[in-house]
Colleague: 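Below you'll find the structure I mean.
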Protein chains: 2
Amino acid sequence: MEDSSLCPRFEKAVGIISQRWNALIIYQLLSGPQRNHEIKDAIGISGRLLSERLKDLEAEDIIHREVYAETPVRIEYSLTDKGHSLKPLMKDIKAWADEWIDIPTHKQCKS
Amino acid sequence: MEDSSLCPRFEKAVGIISQRWNALIIYQLLSGPQRNHEIKDAIGISGRLLSERLKDLEAEDIIHREVYAETPVRIEYSLTDKGHSLKPLMKDIKAWADEWIDIPTHKQCKS
DNA sequence: ATAATTAGTTACATAAAGTAACTTGTTGAG
DNA sequence: CTCAACAAGTTACTTTATGTAACTAATTAT
């Protein structure tokens with residue numbers, strides 16, 4: 001297996017965006033820099049996977065890790081330019097979800 | 001774990017789009033109705049997973065399965081309206097990939 | 001009958017994700 | 001100083017998803 005005729009850039013982009021949790025992490029960071037435990041609580045990911053994904057996304061230059069030598073140490077994650085450039089995509093997903101996904105017991109959420 | 005404060009519709013949409021292979025299958029079907037083996041060859045998925053994903057996507061009303069009683073039988077998969085409505089999203093991913101993903105040995109692919 | 005074709009399934013190996021306990025580094029209370 | 005508290009991250013282990021290849025079913029041409 002593993003030999004497609006697709007555009008390799010497109011395949012790579014899909015690989016990043018559709019890696020589990022990545023889209024939710026990026027979406028969450030759209031609302032501003034956040035710490036490990038804030039992201040964790042917001043999207044419901046485990047500590048193990050969050051650390052792994054944050055490292056991956058940092059390696060892709062999509063997020064930035066900043067260490068503040070306070071007490072206790074504060075580590076903040078934020079989107080890079082490359083990360084921010086995914087905002088239209090995230091908004092499209094949100095818009096599509098609002099139009100096409102029906103969840104009986106839930107009203108539409110704010111944009 | 002598993003208790004986020006995110007919009008449930010958004011979470012569900014992300015779940016569908018970021019399920020492995022789904023985005024590639026949908027993207028592939030944007031160029032028209034196709035048969036099982038055509039999709040398989042185009043994106044490099046295994047038969048087992050392709051069948052599974054096609055069933056999932058049909059259950060989500062994103063693709064349509066049409067049986068033509070020819071010889072041998074021909075089964076075509078196509079996008080529903082809901083499926084077609086994902087086109088802007090796919091184009092966003094393509095555009096983002098073209099702008100931000102660099103793969104040294106590959107030139108930009110056609111849109 | 002038999003081989004060929006296509007969609008789909010079964011059985012099993014490998015890889016990724018989920019869970020929870022543990023480590024590290026730091027600080028402030030006692 | 002010693003110990004509890006806290007945040008980030010890691011380790012060890014279980015469960016689930018994916019990869020691979022052989023197999024089944026339905027159909028038709030030879």
Side-chain angles (χ1 to χ4, degrees), chain A residues 1-6 11-12 14-29 32-60 62-78, chain B residues 1-4 6 11-12 14-29 32-60 62-79:
Chain A
M1 207 188 61
E2 207 51 60
D3 109 78
S4 79
S5 55
L6 290 169
E11 265 194 288
K12 166 120 196 215
V14 167
I16 293 170
I17 293 158
S18 76
Q19 170 81 305
R20 189 158 199 191
W21 297 111
N22 279 0
L24 294 183
I25 292 169
I26 293 163
Y27 184 79
Q28 184 61 27
L29 287 177
Q34 285 167 62
R35 306 175 64 171
N36 184 306
H37 72 272
E38 292 176 297
I39 302 171
K40 188 165 176 297
D41 294 345
I43 70 178
I45 190 180
S46 73
R48 186 177 93 56
L49 285 184
L50 181 55
S51 294
E52 191 175 306
R53 291 299 184 272
L54 290 172
K55 255 190 276 190
D56 293 347
L57 290 171
E58 194 189 3
E60 292 289 348
I62 287 173
I63 65 173
H64 172 71
R65 180 179 188 271
E66 184 81 40
V67 180
Y68 296 92
E70 301 177 353
T71 186
V73 68
R74 180 165 56 100
I75 295 172
E76 274 195 352
Y77 294 92
S78 57
Chain B
M1 206 187 63
E2 208 50 59
D3 110 77
S4 79
L6 290 169
E11 266 194 288
K12 166 121 197 215
V14 168
I16 293 170
I17 292 157
S18 76
Q19 170 84 305
R20 187 155 199 197
W21 298 111
N22 280 358
L24 294 183
I25 292 169
I26 293 163
Y27 184 79
Q28 183 61 26
L29 287 177
Q34 285 167 63
R35 305 175 64 171
N36 185 305
H37 72 272
E38 292 176 298
I39 302 171
K40 189 166 173 297
D41 295 345
I43 70 178
I45 190 178
S46 73
R48 184 176 96 54
L49 283 184
L50 180 55
S51 293
E52 190 174 308
R53 291 299 186 272
L54 289 172
K55 255 190 276 190
D56 293 348
L57 290 171
E58 195 189 2
E60 291 290 347
I62 287 173
I63 67 175
H64 172 71
R65 180 179 188 271
E66 185 81 38
V67 180
Y68 296 92
E70 299 175 357
T71 186
V73 69
R74 181 165 56 98
I75 295 171
E76 273 194 354
Y77 293 92
S78 58
L79 294 175

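Each chain gets a letter, A, B and so on, in the order the sequences are listed, and its residues count up from 1. Computed from heavy atoms alone, side chains included, the values below leave out hydrogens, waters and symmetry copies.
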Colleague: Separation of A:Tyr68 atom OH from C:dT26 atom P, in whole Å?
Modeller: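 Taking atom P of C:dT26 as the reference, OH of A:Tyr68 is at 19 Å.
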
Colleague: With A:Glu58, which residues qualify under side chain to side chain donor-acceptor pair (under 3.5 Å), at least two apart?
Modeller: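 With neighbours one apart ignored, the set is empty.
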
Colleague: For the pair made of CG in A:Asp56 and P in C:dA16, what is the distance, rounded to whole Å?
Modeller: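 The answer, rounded to whole Å, is 11 Å.
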
Colleague: I'd like to check B:Leu50 versus B:Ile25 (side-chain heavy atoms, cut-off strictly below 4.5 Å). Are they in contact?
Modeller: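 Counting from C-beta outward, B:Leu50 and B:Ile25 do come under 4.5 Å.
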
Colleague: Measure from the side-chain heavy atoms of A:Trp21 and tell me the nearest of C:dT19, C:dG18, D:dG19.
Modeller: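 Of the candidates, C:dG18 comes closest.
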
Colleague: Side chain to side chain donor-acceptor pair (under 3.5 Å) with B:Glu60: which residues, sequence neighbours excluded?
Modeller: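 Expected list: B:Lys12.
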
Colleague: Taking atom P of C:dG18 as reference, at what distance in whole Å does atom NZ of A:Lys40 sit?
Modeller: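 Checked: the NZ to P distance equals 12 Å.
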
Colleague: In chain order, what residues pass the side chain to side chain donor-acceptor pair (under 3.5 Å) check against A:Arg74, with sequence neighbours excluded?
Modeller: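 Result, side chain to side chain donor-acceptor pair (under 3.5 Å) vs A:Arg74: A:Glu70, A:Glu76.
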
Colleague: Checking B:Glu52 now: which residues fulfil salt bridge (Lys or Arg N to Asp or Glu O under 4.0 Å) with it, not counting sequence neighbours?
Modeller: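 Here the qualifying residues are B:Arg48.
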
Colleague: Test of understanding: with side chain to side chain donor-acceptor pair (under 3.5 Å), list the residues that count as partners of A:Gln19, not counting sequence neighbours.
Modeller: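 Counting only residues at least two positions away or on another chain, A:Gln19 forms no side chain to side chain donor-acceptor pair (under 3.5 Å).
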
Colleague: Send over the distance from A:Ile25 CD1 to C:dA17 P, rounded to a whole Å.
Modeller: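 Atom-to-atom, A:Ile25 to C:dA17, this comes out as 11 Å.
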
Colleague: OP1 or OP2 of D:dT18 less than 4.0 angstrom from a side-chain nitrogen or oxygen of B:Gln19, does that happen here?
Modeller: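 Indeed, a polar side-chain atom of B:Gln19 lies that close.
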
Colleague: Could you encode protein contacts along nucleotides 1-14 of chain C as a string, one character per nucleotide from 5' to 3', using B for base contact, S for sugar-phosphate-only contact and - for no contact, with a heavy-atom cut-off of under 4.0 Å?
Modeller: -----SSSBBB---

Colleague: Taking the nucleotide of DNA chain D with the closest heavy atom to each, which residue, A:Leu49 or B:Leu49, is nearer the 5' end?
Modeller: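 Mapping each residue to its closest nucleotide by heavy atoms, the 5'-most match is A:Leu49.
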
